[in-house]
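To find a chain, count down the sequence lines: A is the first, B the second, and so on, and within it residues start at 1. Hydrogens, waters and symmetry mates are skipped; everything else that's a heavy atom, side chains included, is used.
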Amino acid sequence: MEHTTNIPDKPSLDGIETRWMQRWEADATYRFDRTVSREGVFAIDTPPPTVSGSLHIGHVFSYTHTDTIARYQRMIGKAVFYPIGWDDNGLATERRVQNVTGVRCDPSMPFDPDFTAPFRGDVPKDHRAIPVSRPNFVELCREITHLDETAFEAIIRRLGLSVDWSFLYTTIGERARQASQRAFLRNLARGEAYQQDAPTLYDIDERTAVAQAEMEDRDVPGAYHQVAFHRTAPDGEASPGDLVIDTTRPELLASCVAMVAHPDDPRYQPLFGTTVHTPLFEVEVPVLAHHLADPEKGTGIAMICTFGDVTDVTWWRELNLSSRALIGFDGRFATEVPDWITSDAGHEAYAQIAGLSPKQAQKRIVELLTASGEMLGNARPITHPVKFYERGSRPLEIVATRQWYIRNGGRDEPLRNALVARGDDVAWHPGYMRHRYDNWVGGLNGDWLISRQRYFGVPIPVWYRLDGDGNPTYDEVLVPGEDRLPMDPSTDTPDGFTNDQRGVPGGFIGDPDVMDTWATSSLTPQIAGEWEISTGAPNDLFHRVFPYDLRPQGHDIIRTWLFSTMVRSHHEHGCAPWHHAALSGWILDPDRKKMSKSKGNVVTPIDLLEQYGTDAIRYWAACGRPGVDTAVDEGQMKIGRKLGTKLLNASKFVLGFGEPNAGAVPSEAIDLAMLARLRSVVAEDSTGFDGFDYARALETTEQFFWWFCDDYVELVKSRAYGIH
RNA sequence: GGGCGCAUAGCUCAGUUGGUUAGAGCGCUUCCCUUACAAGGAAGAAGUCGGGGGUUCGAGUCCCUCUGCGCCCACCA
């Protein structure tokens, strides 16, 4: 207890944050005691915020919730493991660097040790991005993330989070790369990781494959084009009898491999087993039956292209069709005329779209179809959902590429059921969030694609043997021993080889890809807990913290972070990675619209912290019920500010009377009543916190505090001042 | 098409297994610079708990249904 002489006349909240930040740091107040065994530990799998700009008020909101839980657990005697990290690898960072500096990575460029990046503001708007080598680009990513991370740390400290900074990690850091590569190699050894050459959703701007979890549907304008295919006459020539389809992607006509209608559709039953000729390109394709064809849609018969959408992929696979892919990794139609187009007219038509983007090609094809009379009527505009990469600006294309996958139940019923059942091992707060998990796992339609054709990430830690012609033999995967991790296959050499065998026939080549950022952040429990890291006392930490007690996170990343963490833990440890998952709500702007940068309504945390003070902001945050979307409410922050001042003044009153005499026991009825009430408040708050309901605990405490001030203090005043 | 959430005073929200006249804060009205606090205190007005139906002695709370808003998921040619 402070001595009475230290009580200021006019207690103030100003500067209180700095004082306590320094005190906590000096005293190592929140340092985790790593001698405590698992039963005495409360471990938190803190979300590492994405380093791609600044922290959002939403972070302040949800991180405060977790901090109240951490502080409660500490108060009841637990050693709280409360680490923090920065998620700085991956495409989000690369995009940020591109935006800030105006460069782009070109792996074919040589390293330039003297390169200094311009800042975007100094680059003319119409100037094209400056290509730099991969090492230069990675260096830039490190520099810029470091700047952002410094700012992040300042805000988190200012917010008073009781994290243990000695466990700070980054997802591009050595520990993360090591854990990520180790887990991958073990997935590989157990058959949970595999590579496959298959149609893949591909972002043609970022030039990388993306996973199902990173896709989103957007309603965009499109148009139905009614196009006539020509029936094949007995002599093999196209006849005038036409078969009409509706398509939103006429530009893919050259990739058409078949027609498909529902097996029960009487309109098309006579045509099953026959062939038709495509318009413009005059390619002969079969008419087939498949139950996914919807008689209600368009004309009831569709063209199958490789690949216009995911249904095409299903048809292609299940009907065992050949592949006629034309859109390449650059998002443009192949420049060479494909060999399945044989007629002169077909060659001529293809020359019109060679090298074009899908959008350009569509325009041209429509012109050609109109000219040839094979397009019936005008295009009918519609709005339809199209798949985008969540951070992308152009629709995803489907391109056949070799990629790495981790099994997540998307193609495997028993594994899917096992992962759904893992949801039972976790207590969900609020409980209904469980449905989102079940929903997502139940709806998976493929395994988890983890390879990315990008640069700032954890390398896929394998090499491939090159055959006598210098071509990679992908089924001969060369792996490093775990003692070599972290490693980079583009500079490290596999055992039994020398570096001069890199890229030469009979030698080896490193996998050029990096892992998806979720493939690393799915291991935050392992990274923060120093899984398998030898620190003199091997693994002294991990078994004290794993499985963690709590995973706090936003409900929007159940499909990504929560699920992927579950997958990795299930494979590696055979259990759920935590006992509780607490899902926080969204932050809405004061008009209750979802905040977004494009709307320009983002409130920066630092301004609010400056204006109202940490306690006021934390008060506002803690008033938001678990899982409930909450508006930014400066009124609530003002109340928090007043409450803080009230607390200081009430403390001033109480502390002003000094310590009670040693051995003194309360005997006045009013005192005993107050203490009894306090006991019930403590009990109720404990119940609230045990169920991760910090808001209920706050409400109870606040109510008690006002009663204490308004009634109890007023009633004891005369006694306190010695007036009877 | 499937799933989930929300709807309570002008505003933002509590209301835990159904139980006396439905609560808080902000805002509003009136009064008070009283020695912890005017960045405060005291008092007051204000709601047919989204509509309809049902179960019950009793429903904001449980069941059915409808409406509106929001979110998640889906093979959307």
Is the A:H429 ring parallel, tilted or perpendicular to the A:F692 ring (thresholds 30°, 60°)? tilted
Sorted by number, the residues of residues 247-265 of chain A with heavy-atom contact under 4.0 Å to RNA chain B: A:T247, A:T248
Any residue in residues 297-306 of chain A with a heavy atom nearer than 4.0 angstrom to RNA chain B? Just list them by number, or reply none. A:K297, A:A302
Show me the protein contacts with nucleotides 38-40 of chain B, counting only N or O atoms at under 3.5 Å.
from   : atom 1 : to     : atom 2 : distance (Å)
B:rG40 : O3'    : A:K646 : NZ     : 3.2

What residue pairs, at least two apart or across chains, pass side-chain hydrogen bond (donor to acceptor under 3.5 Å, both in side chains) with a residue in residues 640-651 of chain A? A:D14-A:R641
Which of these nucleotides, B:rA74, B:rC26, B:rA77, is closest to any side-chain atom of A:Q212? B:rA74
Under 4.0 Å between any heavy atoms, over every strand shown, what does A:L292 touch: base, sugar-phosphate, or nothing? Just pick one. base
Residue set satisfying side-chain hydrogen bond (donor to acceptor under 3.5 Å, both in side chains) with A:R696, at least two apart, ordered chain then number -> none
Over 60° means perpendicular and under 30° means parallel, so tell me whether A:F708 and A:F705 are parallel, tilted or perpendicular. parallel
Let's see if you get this right: which residues in residues 708-715 of chain A place a heavy atom under 4.0 Å from RNA chain B? A:C709, A:D710, A:V713, A:E714
By side-chain hydrogen bond (donor to acceptor under 3.5 Å, both in side chains) - contacts of A:Y202 (at least two apart): none
Is it the case that A:R436 places NZ or CZ above or below the six-membered ring of A:W428, under 6.0 angstrom from the centre and within 45 degrees of the axis? no
If each of A:W315 and A:C623 is mapped to the nucleotide of RNA chain B with the nearest heavy atom, which maps nearer the 5' terminus, i.e. the 5' end? A:C623
Is it true that A:R231 and A:D242 make a salt bridge, defined as a side-chain N closer than 4.0 Å to a carboxylate O? no
Using purine N1 to pyrimidine N3 plus N6-O4 or O6-N4 for Watson-Crick, or N1-O2 and O6-N3 for G-U wobble, both under 3.5 Å, which nucleotide pairs with B:rC13? B:rG23
Of all the nucleotides listed (B:rC37, B:rC75, B:rU12), which has the minimum atom distance to the side chain of A:K387? B:rC75
Pull out every protein N or O sitting under 3.5 Å from an N or O of nucleotides 15-20 of chain B, one pair per line with the distance.
from   : atom 1 : to     : atom 2 : distance (Å)
B:rU16 : O2     : A:R696 : NH1    : 3.1
B:rU16 : O2     : A:R696 : NH2    : 3.4

Using the ring of each side chain (for Trp, its six-membered ring), is A:F307 parallel, tilted or perpendicular to A:W316, with breaks at 30° and 60°? perpendicular
Report, one pair per line, the protein and nucleotides 2-7 of chain B atoms (nitrogen or oxygen only) whose separation is under 3.5 Å.
from  : atom 1 : to     : atom 2 : distance (Å)
B:rG2 : N2     : A:N439 : ND2    : 3.3

Just how far is it from atom NE2 of A:H225 to atom OG1 of A:T370, taken to the nearest 0.5 Å? 8.5 Å
Look only at the side chain of A:Y389 and the backbone of A:A209, and say whether a donor-acceptor pair between them is shorter than 3.5 Å. no
Partner residues of A:Q611 under the side-chain hydrogen bond (donor to acceptor under 3.5 Å, both in side chains) criterion, sequence neighbours left out: none
Of the nucleotides B:rA77, B:rG25, B:rC75, which has the atom closest to the A:A293 side chain? B:rA77
Note: A:R249-A:D312 ion pair, threshold 4.0 Å (strictly below): no
Taking the side chain as every heavy atom from C-beta outward, state whether A:L562 and A:Y437 have any atom pair closer than 4.5 Å. yes
Tell me which pairs pass salt bridge (Lys or Arg N to Asp or Glu O under 4.0 Å) where either residue lies in residues 682-694 of chain A, with sequence neighbours left out. none
Extract all donor-acceptor atom pairs below 3.5 Å that involve side chains of residues 291-304 of chain A and protein atoms in other chains or at least two apart in sequence.
from   : atom 1 : to     : atom 2 : distance (Å)
A:D294 : OD1    : A:E296 : N      : 2.8
A:T299 : OG1    : A:V244 : O      : 2.7
A:T299 : OG1    : A:I301 : O      : 3.4

